[in-house]
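Comments concern the structure below.
In this text the structure is predicted, and so the values were computed from the model without any measurement. We number each residue from 1, following the sequence as shown.
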Amino acid sequence: MIVLGIDASSDAAAVGIVADGVLLCEYTLNNGKNHSVKLLPMVEAVLLKTGITFPEIDAYACGVGPGSFTGVRIGVATIKGFAQSYQKPVVPISSLQILAENISEYSGLRVPCVHARCDELYCAAYNRAGEAVLSPSVMTATELLQYLGDKPCMLCGDGTELLDGLGEQAAIAGKNAGVIRGGAVAELGYQLLLKEKQKHYSEVAPVYLRASQAEREYEARQNGQIIK
């Protein structure tokens with residue numbers, strides 16, 4: 001079973017492909033620019049390197065957010081276009097769960113943590129089995145620290161820069177652990193496909209968790225408020 005996965009929710013554009021759970025090829029471009037221009041050539045390169053064609057792909061996996069609103073839309077729209085063209089299923093995956101795969105060897109609580117602007121964080125928590133014990137959420141740094149308390153945990157992602165006062169049993173992974181990998185998207189997609197977590201492409205949608213800046217400004221104007 002061949003699964004192609006992509007994620008464009010962060011500064012990194014990521015593409016990977018697995019066959020029967022074995023990673024064949026992955027590309028991760030972490031320059032924070034031009035996902036709309038770079039993503040398709042990355043997909044083409046992965047297929048060229050592996051010799052796999054679109055008709056041979058059994059399913060697609062996609063990071064659906066949270067993250068950059070524009071990036072999430074680019075990633076989801078790209079995968080839905082492929083899936084519709086070849087009538088294949090899609091496995092939608094939280095981009096936070098994909099990020100947590102970078103610290104999959106840690107036996108305690110794995111906490112991906114991404115800066116969401118406005119002094120807030122996108123975060124979640126996964127146990128050793130990969131189950132979400134804290135669903136993807138938007139929190140302030142204070143709220144996340146209160147949730148973690150003294151739990152044994154490891155955190156990854158650029159949101160860790162906002163955290164001050166972690167418990168003694170908490171650790172922060174290195175900066176490279178904060179970059180979503182193309183292989184992790186495809187590998188997780190394959191695992192979830194075996195658990196029949198796929199969806200029809202028409203059912204797949206971005207997960208933003210919060211309103212966009214434009215939406216919040218519009219609502220504030222309607223209520224006579226001013227957002228700085």
Side-chain angles (χ1 to χ4, degrees), residues 3-16 28 32 35-36 39 59-84 88-104 110-127 130-140 143-144 147 155-160 162 178-182 184-193 195-216 218-219:
V3 178
L4 174 74
I6 70 172
D7 185 281
S9 65
S10 67
D11 283 349
V15 179
T28 300
H35 289 357
S36 61
L39 196 60
Y60 296 91
C62 183
V64 294
S68 160
F69 281 54
T70 300
V72 170
R73 286 195 294 270
I74 290 170
V76 172
T78 300
I79 280 294
K80 290 180 70 171
F82 293 154
Q84 182 176 8
K88 297 297 174 67
V90 176
V91 182
I93 313 172
S94 168
S95 297
L96 293 171
Q97 185 177 2
I98 300 167
L99 185 59
E101 285 298 292
N102 287 343
I103 49 175
S104 61
R110 296 178 290 143
V111 185
C113 179
V114 178
H115 201 318
R117 298 184 180 180
C118 300
D119 297 321
E120 291 181 324
L121 304 167
Y122 296 127
C123 54
Y126 299 91
N127 61 21
E131 301 164 332
V133 295
L134 172 65
S135 298
S137 308
V138 180
M139 291 184 174
T140 64
E143 290 170 337
L144 180 57
Y147 170 79
L155 299 93
C156 63
D158 61 8
T160 57
L162 299 181
V179 179
I180 288 178
R181 290 178 36 250
V185 190
E187 290 165 357
L188 263 179
Y190 176 78
Q191 295 169 20
L192 293 172
L193 188 63
K195 298 178 181 179
E196 299 185 348
K197 299 294 185 180
Q198 72 272 19
K199 291 186 176 182
H200 189 269
Y201 60 82
S202 63
E203 300 177 290
V204 178
V207 176
Y208 298 125
L209 292 186
R210 57 179 291 180
S212 68
Q213 179 74 12
E215 290 171 321
R216 288 185 290 111
Y218 175 79
E219 183 177 354

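Between Ile98 and Gly63, the shortest heavy-atom contact is CD1-CA, 3.6 Å. Shortest non-hydrogen contact noted between Pro66 and Val72 is C-CG2, 4.4 Å. For the residue pair Ile103 and Val111, the shortest heavy atom distance occurs at CD1-N, 4.3 Å. Shown here for Thr160 and Cys113, the closest heavy-atom pair between the two residues is N-SG, 3.9 Å. Scanning both residues, Thr28 and Arg181, for their nearest heavy atoms gives OG1-CA, 3.6 Å. The two residues Arg73 and Tyr208 have their closest heavy-atom pair at CG-OH, 2.9 Å.
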Checklist entry - Would Tyr122 and Val138 satisfy side-chain contact (heavy atoms from CB on, under 4.5 Å), going step by step from the backbone distance to the final call? => result CA-CA 5 Å; Tyr122 296 127; Val138 180; 3.7 Å; yes
Item to check | Residues Thr140, Asp119; criterion side-chain contact (heavy atoms from CB on, under 4.5 Å); working and verdict | outcome: CA-CA 6 Å; Thr140 64; Asp119 297 321; over 6 Å; no
Checklist entry - Please walk me through it: do Lys80 and Val76 pass side-chain contact (heavy atoms from CB on, under 4.5 Å)? => result CA-CA 6 Å; Lys80 290 180 70 171; Val76 172; 3.6 Å; yes
Next on the checklist: With side-chain contact (heavy atoms from CB on, under 4.5 Å) as the criterion, how do Glu120 and Arg210 come out once you've worked through the C-alpha distance, each side chain's angles and the decisive distance to 0.1 Å?
Outcome noted: CA-CA 10 Å; Glu120 291 181 324; Arg210 57 179 291 180; 3.2 Å; yes
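Partner of Ile79 under the side-chain contact (heavy atoms from CB on, under 4.5 Å) criterion, out of Ile74, Val90, Val204, Val64: Val90 alone. When the options Ile6, Leu99, Asp11 are evaluated for a side-chain contact (heavy atoms from CB on, under 4.5 Å) with Ile180, the one that passes is Leu99.
A distance of 13.0 Å separates NZ in Lys88 from OH in Tyr201, rounded to the nearest 0.5 Å. The SG atom of Cys62 sits 10.5 Å away from the CZ atom of Phe82 when rounded to the nearest 0.5 Å. With rounding to the nearest 0.5 Å, the separation of CE in Met139 from CG in Leu121 is 9.5 Å. Rounded to the nearest 0.5 Å, atoms CD (Gln97) and CG (Leu188) are 5.0 Å apart.
Side-chain N or O atoms of Ser95 include one that pairs as donor or acceptor with a backbone N or O of Gly65 at under 3.5 Å. With hydrogens and angles disregarded, no donor-acceptor distance shorter than 3.5 Å links the side chain of Asp7 to the backbone of Val15. Ser137 contributes a side-chain N or O that, together with a main-chain N or O of Ser135, makes up a donor-acceptor pair within less than 3.5 Å. Within the 3.5 Å criterion, the main-chain N or O of Ser10 finds a donor-acceptor partner in the side chain of His35. When atom types are taken as modelled, the side chain of Asp158 and the backbone of Val114 share no donor-acceptor pair closer than 3.5 angstrom.
Leu192 places none of its side-chain heavy atoms less than 4.5 Å from the side chain of Gln198. Under the 4.5 Å side-chain criterion, counting only non-hydrogen atoms from C-beta, Lys199 is in contact with Pro92. Side chains of Val91 and Tyr60 form no contact here, defined as non-hydrogen atoms less than 4.5 Å apart.
Residue pairs satisfying the salt bridge (Lys or Arg N to Asp or Glu O under 4.0 Å) criterion with at least one member in residues 91-103, sequence neighbours excluded, are listed as follows: Glu101-Arg110.
Residues passing the side chain to side chain contact (heavy atoms under 4.5 Å, CB included) test with Pro136, sequence neighbours excluded: Ser94, Leu96, Ala124, Tyr126, Leu209.
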